[in-house]
Amino acid sequence: MSVQLYDTHSRSIQTLAPQPGEPLRFYCCGPTVYGPAHIGNFRTFLIQDVLRRVLEVDGTEVRHVRNITDLDDKTIRQSQAEGKSLAEFTTHWTEKFHTDCETLNMLPPSLEPSAVEHIPQQIVLIETLIQKGHAYAAEDGSVYFRVSSFENYGSLSKLKQRELKTQNENSAGAVNDADEYDRESVADFALWKARKPEDGDNYWASPWGEGRPGWHLECSAMIESSFGGQTIDLHGGGIDLCFPHHENEIAQSECAHDHALCRHWFHSAHLMVEGEKMSKSLGNLYTLNDLREKGFSPMIVRYTLIAGSYRQQLNFTFDGLHASQSALTKLERFADSLLKKTGEGREALAGYISADAPEDFGRFAKAWDALRNNLNTAACLGAIFGVLGANPAASLDADGARAMLRAFGSLLYALGLELFTVEEKQIDAPAEIQALAQQRWEAKQAKDFAQADALRDELLEKGWVIKDRKDGFELEPG
RNA sequence: GGCGCGGUCGCCAAGUGGUAAGGCCGAGGACUGCAAAUCCUCUAUCGUCGGUUCGAUUCCGACCCGCGCCUCCA
């Protein structure tokens with residue numbers, strides 16, 4: 001039993017394993033809480049959530065730490081713009097993030113450190129780095145990391161220092177960054193940023209004067225305090241963080257601690273929306289609420305965001321959401337067919353959804369293997385539907401159905417999918433329409449089909465479609 | 001220029017050195033007064049050109065096309 005996962009650093013698939021007797025130490029760069037998280041953010045967090053669940057089902061204990069970035073340029077700028085204190089502002093968006101996570105059925109992390117609560121640890125880290133010659137204070141009171149002092153810089157992203165420099169000079173035509181002035185090299189990055197007027201009240205005392213920590217340093221400090229300064233097993237984040245954020249984390253932590261920061265790097269690809277890069281200016285930056293207003297339940301969004309390979313860009317489309325909706329319904333019908341065999345109601349399904357995996361996944365073995373093999377959610381879902389296609393419930397007795405439900409339930413747990421939660425689009429028809437529909441139903445019951453069809457046509461003209469069910473009818477907007 | 005991802009049925013998408021999972025949509029059938037819903041069945045030779053091989057979509061090379069990062073964006 002083991003889980004295989006692609007590692008960005010070695011550029012190869014490696015077995016994930018904790019240190020003997022220890023939980024797997026898993027750190028994820030969390031959200032910057034300066035507004036509602038969008039589906040792109042959630043794609044990354046959801047994939048991390050699925051990995052964690054797969055590890056749990058596989059029997060690995062996981063210490064999952066995901067931070068809250070509540071102190072950086074964006075949170076400061078936005079809180080000021082709204083005339084709120086940083087704490088008030090970030091608390092609000094942190095709460096909103098939690099609500100969304102819960103709605104998406106994400107497991108809460110074991111620990112959720114906040115950047116602003118780790119300033120003392122960050123200052124200590126800077127002092128250590130200065131002492132060791134890896135950092136220096138500039139005249140204005142900012143402190144920079146001396147990239148040239150760390151030989152391995154760039155090993156994660158495979159960017160050579162020389163190339164970075166060349167790029168900086170070429171793309172800009174000239175090196176003209178204002179911060180540049182105080183830095184020894186363009187590649188050096190800020191560990192501590194001297195206080196500026198636009199920071200408002202958001203500054204802290206330090207040996208180098210008032211100011212605030214740099215973003216990269218926050219993660220290094222939180223990892224250190226969350227895992228006792230030990231090498232962690234796994235570090236996750238969006239692919240964009242690979243450089244410079246993670247590269248800088250490595251530099252800071254390894255220079256301070258003289259041991260590896262992390263054994264295994266886990267990066268997920270970004271999201272496209274309808275074939276275009278997601279951005280505010282294109283107006284295609286959706287939040288969970290946006291999609292809910294358009295009639296897509298959170299579980300549909302979850303399914304859509306985890307259904308593709310995590311290492312490939314996912315093109316998020318409304319067609320895709322509809323496809324997910326149908327697929328999810330198919331899973332629900334399957335669950336129904338098994339529950340019918342066991343004589344249980346839908347509410348019993350929850351009892352089968354568990355990280356406590358069966359010894360044998362039976363027909364679902366292929367689906368489970370797919371998840372353990374580099375988190376192949378697409379192949380997993382494919383294998384699940386492959387089983388469904390054979391209509392296995394038909395030939396099972398109650399015990400057989402229960403066994404299959406256990407395996408199915410473990411897969412649902414690993415994927416974090418909940419069934420029967422899709423909110424029906426309950427759009428109430430006006431009384432007049434309801435009355436016509438009722439008349440039509442009565443005509444149909446009386447086998448006066450001419451009259452029934454006439455009324456149905458009339459409703460259609462008024463924009464409502466009748467769909468007969470077993471013991472009645474439903475009205476949907478045409 | 002550097003690093004990286006990708007081009008597989010109308011759309012999404014998995015995968016393997018020996019003739020291609022799955023989902024959506026669509027089509028046909030069953031059912032239904034007709035529809036709907038449901039159930040059953042059906043649809044590809046894998047960007048281009050070379051090479052290796054008994055055999056390549058899968059390995060190697062070249063090329064074309066799309067996309068991401070290299071500017072504190074998951």
Side-chain angles (χ1 to χ4, degrees), chain A residues 8 11 28-32 34 37-48 69 72-74 154 156-160 162-164 166-168 170-172 177 179 186 189-190 193 214-218 236-245 247-248 267-272 275-280 285 303-305 307-309 311-317 319-331 333 366-367 370 373 376-389 391 394 444 447-450 452-453 456 460 465-470 473-474 476:
Chain A
T8 312
R11 301 281 157 97
C28 300
C29 291
T32 301
Y34 71 112
H38 58 249
I39 51 174
N41 298 315
F42 281 121
R43 148 106 143 150
T44 294
F45 298 138
L46 280 168
I47 284 166
Q48 291 161 349
T69 299
D72 79 325
D73 289 356
K74 293 193 290 284
L156 175 65
S157 56
K158 315 290 186 238
L159 291 171
K160 302 277 181 292
R162 184 162 21 102
E163 286 158 2
L164 296 174
T166 305
Q167 174 57 25
N168 249 322
N170 286 347
S171 67
D177 184 344
D179 288 343
V186 289
F189 56 91
K193 305 173 95 159
W215 174 48
H216 310 300
L217 187 73
E218 296 177 340
I239 188 64
D240 56 298
L241 295 184
C242 188
F243 183 90
H245 186 57
E247 206 71 75
N248 292 353
H267 290 108
S268 41
H270 271 192
L271 203 62
M272 307 283 284
E276 287 180 306
K277 185 176 177 175
M278 188 173 61
S279 72
K280 263 184 192 162
L285 209 156
Y303 185 100
T304 304
L305 292 175
S309 300
R311 290 193 60 214
Q312 266 170 256
Q313 282 176 11
L314 176 71
N315 187 16
F316 187 90
T317 64
D319 274 355
L321 283 173
H322 283 118
S324 298
Q325 189 162 26
S326 300
L328 222 35
T329 304
K330 213 165 178 172
L331 294 179
R333 283 202 297 272
K366 202 172 153 189
N373 182 17
N376 195 336
T377 47
C380 172
L381 289 166
I384 290 175
F385 286 111
V387 172
L388 267 60
N391 188 20
K444 185 192 161 181
K447 299 211 183 290
D448 183 355
F449 299 121
D453 288 350
R456 183 164 63 188
L460 197 59
V465 178
I466 284 195
K467 292 185 174 174
D468 288 346
R469 301 302 185 203
K470 276 179 191 164
F473 60 89
E474 280 179 17
E476 282 183 10

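Only this structure's heavy atoms are used, side chains among them; waters, hydrogens and symmetry mates stay out. Lettering of chains follows the sequences in order, A, B, ..., and the numbering in each one begins at 1.
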Output the rounded distance in Å from [atom1] ([X]) to [atom2] ([N]).
{"X": "A/Met272", "N": "B/C12", "atom1": "CE", "atom2": "C1'", "value": "15 Å"}
{"X": "A/Leu305", "N": "B/A13", "atom1": "CG", "atom2": "P", "value": "13 Å"}
{"X": "A/Leu314", "N": "B/C5", "atom1": "CG", "atom2": "P", "value": "18 Å"}
{"X": "A/Trp215", "N": "B/A74", "atom1": "CH2", "atom2": "C1'", "value": "9 Å"}
{"X": "A/His245", "N": "B/A74", "atom1": "NE2", "atom2": "P", "value": "9 Å"}
{"X": "A/Ile384", "N": "B/C24", "atom1": "CD1", "atom2": "P", "value": "14 Å"}
{"X": "A/Glu276", "N": "B/G68", "atom1": "CD", "atom2": "P", "value": "10 Å"}
{"X": "A/Asn391", "N": "B/U38", "atom1": "CG", "atom2": "C1'", "value": "12 Å"}

In whole Å, measure the gap between the [atom1] atoms of [N] and [M] for me.
{"N": "B/A62", "M": "B/C24", "atom1": "P", "result": "41 Å"}
{"N": "B/G10", "M": "B/G26", "atom1": "P", "result": "16 Å"}
{"N": "B/C67", "M": "B/C12", "atom1": "P", "result": "15 Å"}
{"N": "B/G22", "M": "B/G29", "atom1": "P", "result": "24 Å"}
{"N": "B/A21", "M": "B/U41", "atom1": "P", "result": "15 Å"}
{"N": "B/C49", "M": "B/C54", "atom1": "P", "result": "23 Å"}
{"N": "B/C63", "M": "B/A20", "atom1": "P", "result": "31 Å"}
{"N": "B/A13", "M": "B/G23", "atom1": "C1'", "result": "8 Å"}

Validation row: [X], [Y] side chains within 4.5 angstrom (heavy atoms):
{"X": "A/Phe316", "Y": "A/Leu305", "answer": "yes"}
{"X": "A/Phe385", "Y": "A/Leu331", "answer": "yes"}
{"X": "A/Lys444", "Y": "A/Asp453", "answer": "no"}
{"X": "A/Thr377", "Y": "A/Ser309", "answer": "no"}
{"X": "A/Asn315", "Y": "A/Leu271", "answer": "no"}

Next item on the list: Decide side-chain hydrogen bond (donor to acceptor under 3.5 Å, both in side chains) for A/Asn41 and A/His38; before the verdict, give the C-alpha distance in whole Å, the side-chain angles of both, and the deciding distance to 0.1 Å.
Entry: CA-CA 5 Å; A/Asn41 298 315; A/His38 58 249; 3.3 Å; yes
Can you figure out which of [options] approaches the side chain of [X] most closely?
{"X": "A/Arg333", "options": "B/C39, B/G6, B/C73", "answer": "B/C39"}
{"X": "A/Lys277", "options": "B/C3, B/C69, B/A14", "answer": "B/C69"}
{"X": "A/Gln312", "options": "B/C70, B/A74, B/C5", "answer": "B/C5"}
{"X": "A/Gln313", "options": "B/G68, B/C5, B/C73", "answer": "B/G68"}
{"X": "A/Arg11", "options": "B/G68, B/C3, B/A74", "answer": "B/C3"}

Check: When you check the phosphate oxygens OP1 and OP2 of B/C5, does a side-chain N or O of A/Arg311 lie under 4.0 Å from one of them?
Finding: yes
Please classify the nucleic acid contact of [X] as base, sugar-phosphate, or nothing, using heavy-atom distances under 4.0 Å.
{"X": "A/Gly320", "answer": "nothing"}
{"X": "A/Leu271", "answer": "base"}
{"X": "A/Asp319", "answer": "nothing"}
{"X": "A/Asp73", "answer": "base"}
{"X": "A/Ser309", "answer": "sugar-phosphate"}
{"X": "A/His216", "answer": "nothing"}

Would you name the heavy atoms of [X] and [Y] that are closest together and state the gap between them?
{"X": "A/Leu241", "Y": "A/Cys29", "value": "CD1-CB, 3.7 Å"}
{"X": "A/Arg43", "Y": "A/His270", "value": "NH2-O, 4.1 Å"}
{"X": "A/Ala269", "Y": "A/Gln313", "value": "CB-N, 3.6 Å"}
{"X": "A/Thr329", "Y": "A/Gln325", "value": "OG1-O, 2.9 Å"}
{"X": "A/Thr44", "Y": "A/Gly238", "value": "CG2-N, 3.8 Å"}
{"X": "A/Gly30", "Y": "A/Phe45", "value": "C-CZ, 3.7 Å"}

Applying the Watson-Crick and G-U wobble criteria at under 3.5 Å, what pairs with [N]? Answer none if nothing qualifies.
{"N": "B/C3", "answer": "B/G68"}
{"N": "B/U38", "answer": "B/A30"}
{"N": "B/C63", "answer": "B/G47"}
{"N": "B/C11", "answer": "B/G23"}
{"N": "B/A56", "answer": "none"}

Margin query: Both A/Lys74 and A/Asn373 contact RNA chain B. Taking the nearest nucleotide for each, which residue is further toward the 5' end?
Written below: A/Asn373
Margin query: Quick check: on RNA chain B, is the nucleotide nearest A/Gly275 upstream (toward 5') of the one nearest A/Gly238, or the reverse? Name the residue that is more 5'.
Written below: A/Gly275
For nucleotides 56-59 of chain B, tabulate all protein N/O to nucleotide N/O atom pairs closer than 3.5 Å, reporting atom names and distance.
none

Nucleotide N/O of nucleotides 20-23 of chain B paired with protein N/O under 3.5 Å:
{"from": "B/G23", "atom 1": "OP1", "to": "A/Lys330", "atom 2": "NZ", "distance (Å)": "3.1"}

Next item on the list: For side chain to side chain contact (heavy atoms under 4.5 Å, CB included), just list the numbers for A/Ile239 and A/Ser268, CA-CA rounded to whole Å, side-chain angles, deciding distance to a tenth of an Å, and then say yes or no.
Entry: CA-CA 5 Å; A/Ile239 188 64; A/Ser268 41; over 6 Å; no
Next item on the list: Using the six-membered ring for Trp and the full ring for Phe, Tyr or His, decide whether A/His270 stacks on the six-membered base ring of B/G68 (centres under 5.5 Å, planes under 30°).
Entry: no
Checklist line | Rounded distance [0.5 Å steps], OG in A/Ser326 versus CG in A/Leu321 | finding: 11.0 Å
Note to self: Counting primed atoms plus P, OP1 and OP2 as sugar-phosphate and everything else as base, spell out the protein contacts along nucleotides 27-33 of chain B at 4.0 Å heavy-atom distance: B, S or - for each nucleotide, 5' to 3'.
What the structure shows: ------B
Next item on the list: Run the numbers on A/Asn248 and A/Trp215 for side chain to side chain contact (heavy atoms under 4.5 Å, CB included), then give the verdict.
Entry: CA-CA 10 Å; A/Asn248 292 353; A/Trp215 174 48; over 6 Å; no
